[in-house]
Amino acid sequence: MSTQENSAALTADDHLILVDGSTFIFRAYHALPPLTRKPDGLPVGAVSGFCNMLWKLLQEGLTPEEGDEPTHFAVIFDHSAQTFRSEIYPEYKAQRPPPPEDLVPQFGLIREATRAFSTHCIEQEGFEADDLIATYARQAAEQGARVTIVSGDKDLMQLIGPKIGMIDTMKNKTFGEPEVFEKFGVGPDKVIEVQSLAGDSVDNVPGVPGIGLKTAALLINEFSDLETLLAQAATIKQKKRRENLIEFADQARISKELVTLKQDVPVVIPVGDLSVCEIDGPKAVGFLKAMGFTTLTKRVAETTGADVANVEATDLEVPGWDVPDHKGRMMDRPGGMAAPDADNNSGDSPAPDGLMVPQTVADERAARIGAIPVDSSAYETVTTLEQLQPWIDAAYEKGYVAFDTETTSLDAMQAELVGISLSCKPGKACYIPLTHKDGEGDLLGGGGLLPDQIPLDDALKALKPMLEDRGILKIAQNLKYDWLVMTRHGVDVDPYDDTMLLSYTVDAGKGGNGMDELSERWLGHKPIPFKEVCGSGKSMITFDKVAIDKATAYAAEDADVTLRLWLTLKPRLASDHMATVYETLERPMVPVLARMEKRGISVDRQMLSRLSGDFAQGAAALESEIYELAGETFNVGSPKQLGDILFGKMGLPGGKKTKTGAWSTSAQVLEDLAAEGHPLPSKIVEWRQLSKLKSTYTDALPGYINPETKRVHTSYSLAATTTGRLSSSEPNLQNIPVRTEAGRKIRQAFIAEKGQKLISADYSQIELRVLAHMADIPQLKKAFEDGLDIHAMTASEMFGTPIEGMDPMVRRQAKAINFGIIYGISAFGLANQLGISRGEAGDYIKTYFQRFPGIKDYMEAVKKQVHADGYVTTIFGRKAHYPEVNTKNPNMRAFYERAAINAPIQGSAADILRRAMVRMEDRLTASKLDAQMLLQVHDELIFEVPEDQVEATIPLIKDVMENACDPALKFSVPLQVDARAADNWDEAH
DNA sequence: ACGGCCACTTA
DNA sequence: GTAAGTGGCCGTC
């Protein structure tokens, strides 16, 4: 370290770290969990985040590697809101709301913290922190030193260059030129040009109306800078854009002044003086002790050799704390500065009874379940173990109990348990708050555990025996979620019923199966909406911040409603003869899927990041070609702008129109145009594919990596489809690309752990086999028994050509027909698919039905059934309802008929896979195999398996899958499963 | 901030 | 022609 000389010029060996203190405070405040100092509730969350960050950077620099420590270091703050910018443009940052009350005292504390760590703390009147950072960064870089700016502020990105980097410690993300390009579409040197056009609503930089980041980048890339653009604005083709650029030219110029950072601030402390000083151990420890940061105190003491016991906590004066008011600016806080023990509800006046209005249920519906009205104010809040016991006793007495968990997240893998509600009798329910914290609005709050709650572990200890007792049926709505949350706390809920699955079993296709919807449908009662409790969007709070009385009304109502739904729906299993479907295809899937979600799958983050770069490059290259061909720049991602170019300016023949009347620019239309010899459309198609791969997969997937498990955990929905298929979301792992070479690279990023392999096992042609079985088609059955190429055989039957040496085009047509049959074929659709006339397609279908009359019979029978009963069934008895099938609208009617034809085929295949999945784990365990089922993709299962067990595992997986129909049903066609092992999903597939 | 539309991905 | 989910754009609130 170069600590020898002050004011010396920096050298290439030096490394200056500039921390953007002001934005750090705000970001830390919002990103980190609220934290208060023990004795007096002083809010210190942001201070804590700041101290940890500061200590880490001072100790090890940006990376834990040796020799990365900074030689120079400063934390820069804003001095006051008044800067030269407010003189240029008074509205600049004018609409900023005042900082939250519990943040105010932390501003001073963070400055104190900086000094306590013997670190330069810099602010200067009339300049924003950004200007000081710009000035220091430029000076240091000019002297050859390396500079790192610690900030997440996009306004600082204009500074990035070869010597100047930026890191967002909160998001653990570094910014270099590629990241700037990613964000602004231009390099760092053009960032201000883009910002002056696009403006910034957060800082109130006006920019030019109608121009966003995307368009701004386009224009700057074309015209190089703002002045050139404004000078040539008259040549812009788009009318509105041209007019705005001319009218708001001066506004753009002002914007540029606002966003341009001042790099020549007359700094009081020269950059050479910012060298890192040795930390004064006792001083730092004294401060940390005063803040009550025990862990960090210990760590700093250890490193500096200070003795914690002998250091007195620094006596701090905290401005902004104990001060009753801030000039009445906190108008958004009706409750004003709340006392430490203030009621969380104090701010909710003047209509606190809005939620308390008794929610009466219509009598006739109440009568249906023999229940009393749902009254969300009548529930009990359980705050002691003594109070909890009667509820547990009631569950034992009844033999069943409805239960529901409240948590901090919709993602069961990250959700923290906040409370549990129970109900054994309609109208009688309780809520057991466990980890509620005081709300955000409380000045003294900042996240302390509220009083009058049973400690989490004690409550779980009391509830676990009941939740796991074989004699008590636990009833939940969407149990998979609660099961996952509870299993993470060591509770295995069993036995159980799931009202969502009950509804899905008896009513699939009749509507949603969510609790609110079911409650309205069956109980005529609208439960308290979640967003009325927690808000929505940016202002949404987590459930642990909800006041306990409000939480009780919401949570206990959920248990009450769940119990009533169970009382209503459970009898229908018997009356509708759906008990077997529920017991074999639905209920047992809950723990199976929950475990799959819990396991997750490994993805190679670096590989995805590299691919993102590759795709970005490819897309950028295509963009240039596209602009060249179009003769102007435009937003390629906008179908509207693309349509104007293709069908307006270039005068190409527009084919189809979308249902809103706009010209369709679908891949089909573009490919047709390409076939006519136009070069532009195929470039667009290519660009769209690349940007889709980038945005949906390579950019988004890393964000789903769970920080704890380092794996990606999808969420399966058991009740989302009409046919019985599962669906996967957040992320959807059932549509990972496979078709194109570029797409398969994404699949290669799904990998097995070291020492393990991925096995992919998929059914071959399962839907056609199901069709052959259900419609009882001798030729098809025979072909499957003989292991023939089914599409070639279909072609051979239809056209009389031998399978040997068949023209691939002929086979392709037969394949399209086979798919068409499964989808409830229409001449229109087949014609579209094959690019032939409706007449020709009709002839094909006629020929097909002549060769396979059983298929025609089957389809007619299904149509007849759906019109008569309103539903169709799979081979295992699952029902798919089509309540609208008898509509008079011929197009809609035909649509529902096709769906009804498809549902037994798709649904039976889904049932078969469900049966395999339900049995798989026991069979693996019985064979002492450690394979873990990770994913399901409709006809495929993916496992992670120890390398040395691969050979033994594959035959067992195949056996379970191929015999999944046994013994319930003798499937008259052999099922064939192909399974392979590899290090990644692409190779295993 | 939210929702509809359009486009893309899969089986 | 069946079944899904997600992301960008763009108009509305």
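Here is how names work: the chains are called A, B, and so on, in the same order as the sequence lines, proteins then strands, and each is numbered from 1. Only this structure's heavy atoms are used, side chains among them; waters, hydrogens and symmetry mates stay out. Everything numeric here is computed off the predicted structure, so don't read it as measured data.
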Quiz item: Which of these nucleotides, dC8(B), dC6(B), dT2(C), is closest to any side-chain atom of Q689(A)?
Solution: dC8(B)
Quiz item: In terms of the angle between their ring planes, are W985(A) and F750(A) parallel, tilted or perpendicular, with boundaries placed at 30° and 60°?
Solution: perpendicular
Exercise. Side chain of S727(A) only, please: which of dC6(B), dG7(C), dA4(C) is the nearest?
Key: dA4(C)
Quiz prompt | Nucleotide of dC6(B), dA4(C), dC10(C) approaching T722(A) most closely (side-chain heavy atoms) | solution = dA4(C)
Quiz prompt | Short side-chain N/O contact to dA4(C) OP1/OP2 from R725(A), under 4.0 Å | solution = no
Exercise. Identify whether any heavy atom of E767(A) sits under 4.0 Å from a base atom; if not, whether one sits that close to sugar-phosphate; answer base, sugar-phosphate or nothing.
Key: nothing
Quiz item: For the pair made of CG in L771(A) and C1' in dA11(B), what is the distance, rounded to whole Å?
Solution: 16 Å
Exercise. Specify the separation, in whole Å, of atom OH of Y697(A) and atom P of dG5(C).
Key: 13 Å
Practice problem: For F895(A), answer base if it contacts any base atom (sugar-phosphate contacts may also be present), sugar-phosphate if it contacts only those atoms, and nothing otherwise; contact means non-hydrogen atoms under 4.0 Å. | Solution: sugar-phosphate
Practice problem: Would you tell me if any nitrogen or oxygen in the side chain of T660(A) comes within less than 4.0 Å of OP1 or OP2 on dC6(B)? | Solution: yes
Exercise. Report the nucleotide, chosen from dG7(C), dA11(B), dC10(C), that has the shortest atom-to-atom distance to any side-chain atom of S638(A).
Key: dC10(C)
Exercise. Mind checking I821(A) for me? I need base, sugar-phosphate or nothing, with any heavy atom below 4.0 Å counting as a touch.
Key: nothing
Quiz item: What's the CG-P distance between D762(A) and dA11(B), to the nearest Å?
Solution: 9 Å
Self-check item: Spacing between N635(A) atom CG and dC6(B) atom C1', to the nearest angstrom
Solution: 14 Å
Quiz prompt | Pair E987(A) + R747(A), salt bridge at N-O below 4.0 Å | solution = no
Quiz item: Q906(A) side chain N/O closer than 4.0 Å to the phosphate oxygens (OP1, OP2) of dA4(C)?
Solution: no
Exercise. Go through dA4(C), dC6(B), dG5(C) for me and flag the one nearest to the K692(A) side chain.
Key: dG5(C)
Practice problem: Could you state the atom-to-atom distance from CD1 of I825(A) to P of dT2(C) in whole Å? | Solution: 12 Å
Quiz item: So what does A662(A) hit on the nucleic acid, given a heavy-atom distance under 4.0 Å: a base, only sugar-phosphate, or nothing?
Solution: nothing
Self-check item: Options dC6(B), dA11(B), dT6(C), nucleotide nearest the side-chain atoms of K659(A)
Solution: dC6(B)
Self-check item: Short side-chain N/O contact to dT9(B) OP1/OP2 from N732(A), under 4.0 Å
Solution: no
Exercise. Select one nucleotide: of dA7(B), dG1(C), dT9(B), the one nearest the side-chain heavy atoms of R688(A).
Key: dA7(B)
Quiz item: Where the side chain of T658(A) is concerned, which of dA11(B), dG7(C), dA7(B) is the nearest nucleotide?
Solution: dA7(B)
Exercise. For the pair Y627(A) and F634(A), name the ring-plane relationship: parallel under 30°, tilted 30 to 60°, perpendicular over 60°.
Key: perpendicular
Practice problem: May I ask you to decide if T714(A)'s main-chain N or O and E730(A)'s side chain share a donor-acceptor pair within less than 3.5 Å? | Solution: no
Quiz item: Base, sugar-phosphate, or nothing for G824(A), non-hydrogen atoms under 4.0 angstrom?
Solution: nothing
Quiz prompt | S666(A), nearest nucleotide to its side chain (from dG1(C), dA7(B), dA11(B)) | solution = dA7(B)
Quiz item: Do side-chain atoms of Y504(A) reach the backbone of G512(A) as a donor and acceptor pair under 3.5 angstrom?
Solution: no
Quiz item: Is any side-chain N or O of S536(A) closer than 4.0 Å to OP1 or OP2 of dC2(B)?
Solution: yes
Quiz item: What about Q734(A): does its side chain form a donor-acceptor pair under 3.5 Å with the base of dT10(B)?
Solution: no
Exercise. Would you mind classifying the nucleic acid contact of A742(A) as base, sugar-phosphate or nothing, using non-hydrogen atoms under 4.0 angstrom?
Key: nothing
Quiz item: Quick one: do E860(A) and K856(A) make a salt bridge, cutoff under 4.0 Å?
Solution: yes
Practice problem: For Y848(A) and dG1(C), give me the distance from atom OH to atom C1', rounded to whole Å. | Solution: 14 Å
Exercise. Using atom CG of N891(A) as one end and atom P of dT2(C) as the other, report the distance to the nearest whole Å.
Key: 12 Å
Self-check item: Pair E940(A)-S760(A), side-chain donor/acceptor within less than 3.5 Å
Solution: yes
Quiz item: Atom CZ of F615(A) to atom P of dC8(B): distance rounded to whole Å?
Solution: 16 Å
Quiz item: Which part of the nucleic acid does A903(A) contact within heavy-atom distance under 4.0 Å: base, sugar-phosphate only, or nothing?
Solution: nothing
Self-check item: Minimum-distance nucleotide (side-chain atoms of T665(A) versus dA7(B), dA4(C), dT6(C))
Solution: dA7(B)
